[in-house]
Amino acid sequence: MVSAARRGRYDLTGFTVRSATAQDWVTVNEWGDGEGWNIGFQDSACFLPTDPDGFFIGEVDGRPVSAVSLVNYSEHYAVWGHYLVDPALRGRGYGRGVCKVASPHSGSRVTAGDAMPVQVRNYSKDGSGPAHDTLHWVGVVTGTAGPAVSGPAPEPVTEAFRDAVIDYDGGVFPARRPAFLTRWLTAPGHVALAVREGDRITGFGVLRPAPTRWRIGPLSADTPGTAAALFDALVEHVPGGGEVSAFAPDVQPAAAELFAGRGLTEEFRVVRMYRGTPPTHRGDAVYAIGSLELG
């Protein structure tokens, strides 16, 4: 536990930071959903074991007031997320306070995070720089325009070739994440599909339920046609009239063509930022990330 009486212009008397518990994260999710984050029902169960020491809670006299996560995926890569403050207690330095304590957790790793465009300057103060935009697409699927479906039909991910899907993800994500992805692919309510050509994975995607709309991600594929096949197969599992959403990096222009062509609209966008040298991975294969919180 770390305490601080004063930082800069903020009086932080009684403010402390400690590692978060699963019960703490129930409160954090309530804050996030209050902001419209639409957190997946199984997100915490998948996220928290990824790096149990990477989830931080700020509190005043035992009351949770702020939170952040800084998850170390590997020896070289980490991701910021869950930056939240109790809405009734904003403007008191509790957000900055929890981030300052959490920051050393990633060590010398390249660290990713996402900022609203108006916050890019503030986020740059720790040396982070912008890399690309990530667009939030939402809506009811109503169209068939955009990339045409091509290649083999998607099929449910099974244990027989789950490791191959994990290996594929390791080539399109900045770090290998086998334990996390195993949880993500098999979580209750999640629908995980992949496309295989022989023994080779050419794409996969996951659909998950959340409070206000179904969420798609990751959605990664070698070609726009495979991405389209996966998207169309995933949304078949959404009850009629249900909304879906996806966070799509603008690195792959065909992602916007796919989502717009299927009837979704851009709700907002964030800026992906990296502290350290941006990672090298097949970013053009990523049509939707799993989440802003863990990439």
Nearest 0.5 Å please: distance from the CZ atom of Arg18 over to the CG atom of Asp24. 4.0 Å
Let me confirm one number: the OG-CG distance from Ser128 to Asn122, rounded to the nearest 0.5 Å. 12.0 Å
Parallel under 30°, tilted from 30 to 60°, perpendicular over 60°: which one fits the rings of Phe231 and Phe259? perpendicular
Apply side-chain contact (heavy atoms from CB on, under 4.5 Å) to Val60 and Tyr94, showing your working. CA-CA 9 Å; Val60 174; Tyr94 298 146; 3.7 Å; yes
Grab the two heavy atoms, one from Val244 and one from Val141, that are nearest each other, plus how far apart they are. CG2-CG2, 4.0 Å
Linked, directly or transitively: Leu193 and Leu258 (ILVMFWY side chains, under 4.5 Å): yes
Check whether Leu219 and Ile166 end up in the same hydrophobic cluster, where Ile, Leu, Val, Met, Phe, Trp and Tyr are linked by side-chain heavy atoms less than 4.5 Å apart. no
Check this for me, if you would: do Arg177 and Asp169 make a salt bridge, where the nitrogen-to-carboxylate-oxygen distance has to be below 4.0 angstrom? yes
Any side-chain heavy atom of Pro224 sitting closer than 4.5 Å to one from Tyr287? yes
Can any side-chain N or O of Ser124 pair as donor or acceptor with the backbone N or O of Val120 at less than 3.5 Å? yes
Apply the test side-chain contact (heavy atoms from CB on, under 4.5 Å) to residues Val71 and Trp80: give CA-CA distance (whole Å), side-chain angles for both, the deciding distance (0.1 Å), then the verdict. CA-CA 7 Å; Val71 171; Trp80 282 106; over 6 Å; no
Phe173 versus Pro279: any side-chain heavy-atom pair under 4.5 Å? no
Check the hydrophobic clustering (I, L, V, M, F, W, Y; side-chain heavy atoms under 4.5 Å; chains of links allowed) and say if Trp37 and Leu48 are grouped together. yes
Measure from the ring center of His237 to the ring center of Trp214 and say whether it is less than 6.0 Å. no
Evaluate the criterion side-chain contact (heavy atoms from CB on, under 4.5 Å) for residue pair Arg213 and Val138; output intermediate values, then yes/no. CA-CA 9 Å; Arg213 57 173 69 101; Val138 302; 3.7 Å; yes
Strictly below 4.0 Å, N to O, side chains only: are Arg200 and Asp167 in salt-bridge contact? no
Spell out, yes or no, whether Val238 and Trp137 are grouped together once hydrophobic residues are joined by side-chain heavy atoms under 4.5 Å, including indirect joins. yes
Whether the side chain of Glu59 engages the backbone of Pro64 through a donor-acceptor N/O pair (distance < 3.5 Å, no angle test) should be reported. no
I want to check something: taking the side chain as every heavy atom from C-beta on, are Phe41 and Pro211 in contact at a cut-off of under 4.5 Å? yes
State plainly whether one hydrophobic cluster holds both Tyr73 and Met273, where clusters connect Ile, Leu, Val, Met, Phe, Trp and Tyr through side-chain heavy atoms under 4.5 angstrom apart. no
Identify whether the distance between the nearest side-chain nitrogen and carboxylate oxygen of Asp86 and Arg63 falls below 4.0 Å. yes
Salt bridge present between Arg90 and Glu35 (N-O < 4.0 angstrom): yes
Is any side-chain heavy atom of Arg196 closer than 4.5 Å to a side-chain heavy atom of Thr202? no
Under 30°, 30 to 60°, or over 60°: which ring-plane class applies to Trp184 and His190, parallel, tilted or perpendicular? perpendicular
With Arg208, the side chain to side chain contact (heavy atoms under 4.5 Å, CB included) member among Ser291, Cys46, Pro188: Ser291
dist Glu293:CD -> Ile39:CD1 (nearest 0.5 Å) comes out at 6.0 Å
Between atom NZ of Lys125 and atom CZ of Arg275, what is the distance when rounded to the nearest 0.5 Å? 15.5 Å
Check: Asp33 side chain, Asn38 main-chain N or O, donor-acceptor pair, under 3.5 Å: yes
Short question: side chain of Asn72, backbone of Tyr77 - any donor-acceptor pair under 3.5 Å? no
Going by heavy atoms in the side chains, are Ser69 and Phe47 under 4.5 Å from each other? no
Please report the interatomic distance NE2(His136) to CZ(Phe268), rounded to the nearest 0.5 Å. 5.0 Å
For residues Leu234 and Val206, determine if any side-chain heavy atom of one lies less than 4.5 Å from a side-chain heavy atom of the other. no
For residues Val85 and Arg92, determine if any side-chain heavy atom of one lies less than 4.5 Å from a side-chain heavy atom of the other. no
Less than 4.5 Å apart, any side-chain heavy atom of Arg215 and any of Leu207? no
Within the side chain of Thr186, is there an N or O that forms a donor-acceptor pair under 3.5 Å with the backbone of Thr182? yes
Measure the OG-CG distance between Ser66 and Leu84 for me, rounded to the nearest 0.5 Å. 9.5 Å
Modelled atom types, side-chain donor and acceptor of Asn29 and His82, under 3.5 Å: no
